[in-house]
> 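Here you go, one structure.
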Amino acid sequence: DIQMTQSPASLSASLGETVTIECLASEDIYSNLAWYQQKPGKSPQLLIYDASSLQDGVPSRFSGSESGTQYSLEINSLQSEDAATYFCQQHHDYPYTFGAGTKLELK
Amino acid sequence: QVNLQESGPGIVKPSQPLSVTCSVTGYSITTSYYYWNWIRKFPGNKLEWMGYISYDGSIYYNPSLKSRISITRDTSKNQFFLQLNTVTTEDTAVYYCARVSWGYFDYWGQGVMVTVSS
């Protein structure tokens, strides 16, 4: 199985700041990576697919990038509603696998 | 608008089968080329993809569950089903159904909590 190592496990940031969350794939996944946001009691919501494509309706302050097997989710100009847990998911090979999640808190 | 809704037992006794239903509205589960999946989230946040049934009825399971899992569907009701056999407390989780489009999950149900306990 492809392992997705996500970091950090948690972070705290202030309104208006920029944060970056990373996922390292255990092998080349050829940009087949998605990012999700999950709020307590809700289902995950797709933010980014194919490493850098923004899902319809997702604010442009969310962006994705890649460098080799390292994938990043950047959130600019943090808003209060961005407090959530974020997950990465590789969709290059079965079984699909997820990162362990990053809990983002707003100060 | 695509909507998925899980329904399940809430509590299952150890060694018994766990069954969850996903009811889909707003989209036919037989429409090419979508895949209908089960995913679970354990206490502590870990997500595990369990398997799918495709628009044409083909099935693929996570090898870690292959001996215990079954995914079926009823196209007349636009529903698909998860059965997990011989459960233990380690199968306690929130169970989600979700649609896959080109590998990523674009629509999810709200999830149903299933606790394995005697």
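Hydrogens, waters and symmetry mates are skipped; everything else that's a heavy atom, side chains included, is used. Numbered from 1 within each chain, the chains take letters A, B, ... in sequence-line order.
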> Verify the cluster assignment for Val24(B) and Tyr33(B): are they in a single hydrophobic cluster under the rule of side-chain heavy atoms below 4.5 Å apart?
no
> Need one label for Thr85(A): side chain, backbone, both or neither, based on atoms under 4.5 Å from any heavy atom in chain B.
side chain
> Report the option among Pro44(A), Gly101(A), Ala100(A), Ala34(A) that has the most heavy-atom pairs separated by less than 4.5 Å from atoms of chain B.
Pro44(A)
> Report, in residue-number order, which members of residues 98-118 of chain B are under 4.5 Å from chain A by heavy-atom distance.
Val100(B), Trp102(B), Gly103(B), Tyr104(B), Phe105(B), Asp106(B), Trp108(B), Gly109(B), Gln110(B)
> For atom NZ of Lys39(A), decide whether the heavy atoms of other residues, nucleotides or ligands shown that lie under 6.0 angstrom number more than 12.
yes
> When hydrophobic residues are tied together by side-chain contacts of less than 4.5 Å, even through go-betweens, does Tyr96(A) share a cluster with Ile53(B)?
no
> Does the side chain of Phe87(A) reach to within under 4.5 Å of the side chain of Leu47(B), using non-hydrogen atoms?
yes
> Quick check on the hydrophobic clustering: are Val2(B) and Ile39(B) connected, directly or via other members, by side-chain heavy-atom contacts under 4.5 Å?
no
> Check whether more than 12 heavy atoms from other residues, nucleotides or ligands sit under 6.0 Å from atom CD of Glu81(A), and answer yes or no.
yes
> Quick one: does Pro95(A)'s side chain get under 4.5 Å of Tyr61(B)'s, heavy atoms only?
no
> For each of Lys42(A), Lys103(A), Gln38(A), tally heavy-atom pairs with chain B at distances under 4.5 Å, and name the one with the top tally.
Gln38(A)
> Could you check whether atom CD1 of Ile11(B) has more than 12 heavy atoms from other residues, nucleotides or ligands sitting under 6.0 Å from it?
no
> Please tell me whether Ile48(A) and Val58(A) are part of a single hydrophobic cluster in this structure, the criterion being side-chain heavy atoms less than 4.5 Å apart.
yes
> Do Leu65(B) and Tyr96(B) sit in the same hydrophobic cluster, where Ile, Leu, Val, Met, Phe, Trp and Tyr count as joined when their side-chain heavy atoms come under 4.5 Å apart?
no
> Output the distance between atom CZ (Phe98(A)) and atom NZ (Lys46(B)), rounded to the nearest 0.5 Å.
11.5 Å
> Determine which residues belonging to residues 79-87 of chain B lie within contact range of chain A, meaning some heavy atom pair is under 4.5 Å apart, and list them by number or answer 'none'.
none
> In terms of heavy-atom proximity below 4.5 Å to chain A, should Tyr52(B) be classed as side chain, backbone, both, or neither?
side chain
> Where on Tyr60(B) is there a heavy atom nearer than 4.5 Å to chain A: the side chain, the backbone, both, or neither?
side chain
> Could you give the distance from OG (Ser43(A)) to NZ (Lys41(B)), rounded to the nearest 0.5 Å?
10.0 Å
